[in-house]
Amino acid sequence: MTSQPRSFYIIDTFSLIFQVFHALPEMTSPQGQPTNAVYGVTRDLITILRDRKPDWLIAAMDVRGENKRNEIYTEYKTNRSAMPEELVPQIAMIEELLAGFGVPALGIPGWEADDVIATLVEMVADQDVEVTVITSDKDIRQLLSPKVKLYNFRKNQYLDEADLMKDWGVTPEQVVDFQALVGDSVDNVPGVPLVGPKKASALIEKFGTLEEILAHADEAPGAKLRENLKTFADQARVSKTLVTLKRDLPLEVDWDAARAGQLQLPVLQEFFQQCGFRRFIDEIKTLAPDATEPAPPPAVERSWKLVDDTDKFSEFLAQLEQQKQFCVDLETTGLDAVRADIVGWAFSWDGAEGFYLPVQAPDGQATLDADVVRDALRPILENPEVEVCNQNIKYDMLVLRRAGIELRGVGVDSMVGSYLLDAGARSHGLDELARRYLQHEMIPISELIGKGKSQIKISEVDVDKVGEYAAEDAQIAWQLAQRITAELKQEDLWDLYWDLERPLISILTDMEFRGIRIDIELLQSLSVEFTDRLQTIEAEIYEEAGHEFNIASTKQLAVVLFEELGLPIIKKTKTGASTDQEVLEKLALQHSLPAKLMEFRQLSKLKSTYVDALPEMVNPDTGRIHASFNQVVAATGRLSSSDPNLQNIPIRTEAGRRIRQAFIPGEPGWKLLCADYSQVELRMLAHFSQDPALLAAFERGDDIHTAVAAEVFHVAPEAVDSDMRRIAKAVNFGVIYGQSPYGLAVNLGISQAEASDFIEGYFGRYEGVDKFLRKLLERCSQNGYATTIRGRRREIRGIRSGLGRQRNLPERTAINTVIQGSAADLIKQAMIQTHQRIQQEQHSGVMLLQIHDELVFEVPEIDLGSLSYLVREEMESALNLDVPLKVDLSVGNTWLDVERLD
DNA sequence: TTCTTCACG
DNA sequence: ACGTACGTGAAGAAT
């Protein structure tokens, strides 16, 4: 057994500080000090210590003093603008922070952090130490070696020698030559004019070094380039000295002090208290030396076996049958699960050993018989006692469904688990998770099938390559499942996963597999009708504009409206004058063109997004549309739908609504059943706030907007007119979003003062709501996350507590997340219970769609009575709230023609 | 790839 | 002086 090399992390401190300073929004401590850079550095330090567990950690600093490089070149770094005002006081705080974390801050007056880093790297060069430099600085690239790599925190990107070769086409030794030629405008390194990265790379490849290039200047391509290489030869040499890092500074390092993890807890906690970083106070406890954190699993040695004949297959099966848990990953012919066919099966049950079973391969390579494999695996996969895990297992379940296999024992899906751990993460993809949790870089698929136009089919790739790739997927997914299970348990999110999100995976699989039937002919005739009308309006628009132009181009449209017709610019976008709906409505008061534009926009939107797009999405085998329901996209916990999005089928306008007529039951004698929650979000608000007036209104079954109008306007409910109700409705929605007077005013077309009065009136009558929202924000700012009714979390930074009713984005996000996310929890629970009872009682009706507060089913007419009753019962009892839940049911032959059932 | 617009809850 | 309701996905133009 060989010992692991020790790891040594060096932070390029100012590089990191500037990165976080610019990446994070403004933050202030309770005393009003700017703190965003301090916050960012703290968070990153914690991440390094927790996830990377370095053996040594040192912060390299720039220390004031006459910069030595200016002695060589007076212009060096004279381009640099002064440090931003809000950053200056944070530097001392960060130094304090580093001391608290036990991270030595090393620097030598007059030299730069880069030189300190170079010296440190040199000092450990002959030891068995792996160095990682945390930097975004390109100069450091000259230090790369098999034992030294760079890491960019913000991009979560490692850079090693190979990456350098890809990027610049040079070796680490050639970096200084490269930079000497290219120069650096930021640091004011002059370089050679006309030479950019491409030319520099080519020259270095041809001649090897800067001196050789200068000596052979005559052989360079282009007269001007040849001249420049001669004229600026000395300037290039000066540049080279400027970018060359000094590797022998007189640096004294106390390696014991540099051991990572020697935190001074009380000091740090006091420091965080002052900064207002309450969430870190608890978080750093787990990093202290005595923390009882489980040791990270050692990197697993992986190997894999090709199972490509019947003997090997029998042996493999015998082993698989012994497993209570395993990971399976399918390689398929495409990305659309409802159309793809199986190319091969990959398995792993310990993360170390992997198996690949090819059933399709290039000519001449052995495969197993697809049907034999399928039939042998069916009983294992359909055994509910066997826990099957994978990354995005819904995909595999769908492919299996088409092969006639119903996977029953769903275990841990690393993608869904990762979503619960950090709903706001940019990606929950396997590549990203492998990096985040296992520090492992996956084989890119492009290595097998190529990129862009020259892609080939995976079934035509050598089985040895596919097998390695597929086995890696299964092994890493298995390892991730273990890690994520532990994290979910530690974070108290396990029950949410196991009881809510996990059963949902199977339900979504069912819904996607079933799909929904579309009346293509109806859409085609609608398309003809819309095209007709569009042509008419188009001609009228050209007539009024005086010439033809691309109406869909906002830029061309802006020229017509604001330059040619001289209409006033109402608002601006980042890139020019806005021409959106709101603007057109205002312009319509003074010209007849905007109204025509609005109709054109509406119809062309409907035509391109729905009328013409939906028939294209129909699966030829099933005659139905199989949209995807995504479980890990929406940060609040909602589902989302795509390919196509069936959660935004028009309903608000007459023309749009007609599209719903094309959504029909799949079989004669069947109906569509829609079940939607009435006012779920406001009921959630009533439940959370326990506000007596709000609870009572729901208890009585009042129309909630009318009831609120009566309260706010101090009149009897009977005296509420439509205008009062409209205002109350807007205020009700505003509360859920964390309204500001301005937002409400714009929405209602009233003055800010009036809007302010309504809001005050609302909170005056519903004090429970006011109190609840304040408490919600207080808790959220303490925890660093918002929590829903089922314990789902969303990290939210930047909540400023104790600010009364003035709310910025983080505060509004927190409020909305609790309400919207809890409503999402509710309907997910309802889906599970409804689905379960439908199975138990063996109804043939099935769930087709979920649209946030609504479920759509396809039901035989004969079963309508019992099924609708069942659906209402399960939806209304999904969670036990202190407010009654109400579900409205409607039934019809199309999604348009549904009528209230009651 | 990014921006703008607009469809839904 | 600024921007100003939350959460999504898709199409088409511009870059």
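Residue numbers begin at 1 in each chain, while the letters A, B, ... track the order of the sequences.
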Residues at least two apart in sequence or cross-chain that pass side-chain hydrogen bond (donor to acceptor under 3.5 Å, both in side chains) with A:Glu585, listed by chain then number, are A:Gln581
To the nearest Å, how far apart are A:Lys607 NZ and C:dG12 C1'?
13 Å
Counterpart residues, side-chain hydrogen bond (donor to acceptor under 3.5 Å, both in side chains), relative to A:Ser608 (two or more places apart):
none
What is the separation between atom CG on A:Asp643 and atom C1' on C:dT8, rounded to the nearest whole Å?
14 Å
Does the ring centre of A:Tyr766 sit less than 6.0 Å away from the ring centre of A:Tyr762?
yes
Inter-nucleotide P distance (C:dT4, B:dC3), Å rounded
15 Å
Could you tell me whether the phosphate oxygens of C:dC6, OP1 or OP2, come under 4.0 Å of any side-chain nitrogen or oxygen in A:Thr636?
no
Reckon A:Val746 touches a base, only the sugar-phosphate, or nothing at all at heavy-atom distances under 4.0 Å?
nothing
Could you pull out all residues at least two apart from A:Phe663 that satisfy ring-ring contact (aromatic ring centres under 6.0 Å, His included)?
A:Trp895
With a cut-off of 3.5 Å and sequence neighbours excluded, list every side-chain donor-acceptor pair involving residues 511-519 of chain A.
from     : atom 1 : to       : atom 2 : distance (Å)
A:Glu512 : OE2    : A:Lys394 : NZ     : 2.6
A:Glu512 : OE2    : A:Phe629 : N      : 2.8
A:Arg514 : NE     : A:Glu858 : OE1    : 2.9
A:Arg514 : NH2    : A:Glu858 : OE1    : 2.9
A:Asp519 : OD1    : A:Glu521 : N      : 3.3
A:Asp519 : OD1    : A:Leu522 : N      : 3.1

Closest approach to the side chain of A:Asn550, judged atom by atom: which nucleotide of C:dA13, C:dT15, C:dT8 is it?
C:dA13
Counting runs of three or more consecutive pairs, Watson-Crick or G-U wobble, with each distance below 3.5 Å, where are the stems of DNA chain C?
B:1-9 with C:6-14
The criterion is side-chain hydrogen bond (donor to acceptor under 3.5 Å, both in side chains); which residues satisfy it with A:Asp853, sequence neighbours excluded?
none
Starting at CG of A:Leu773 and ending at P of C:dC6, how long is that distance when rounded to a whole Å?
15 Å
If we take the C1' atom in both B:dC6 and C:dA1, what is their distance in whole Å?
30 Å
Sorted by chain and number, sequence neighbours left out, ring-ring contact (aromatic ring centres under 6.0 Å, His included) with A:Tyr785 holds for none
At under 4.0 Å between heavy atoms, how does the protein contact nucleotides 3-9 of chain B? Give one character per nucleotide, 5' to 3', with B, S or -.
SSSBBBB
When the distance from CE of A:Met617 to C1' of C:dG9 is rounded to whole Å, what number comes out?
12 Å
With sequence neighbours excluded, tell me which residues meet side-chain hydrogen bond (donor to acceptor under 3.5 Å, both in side chains) with A:Glu564.
A:His547
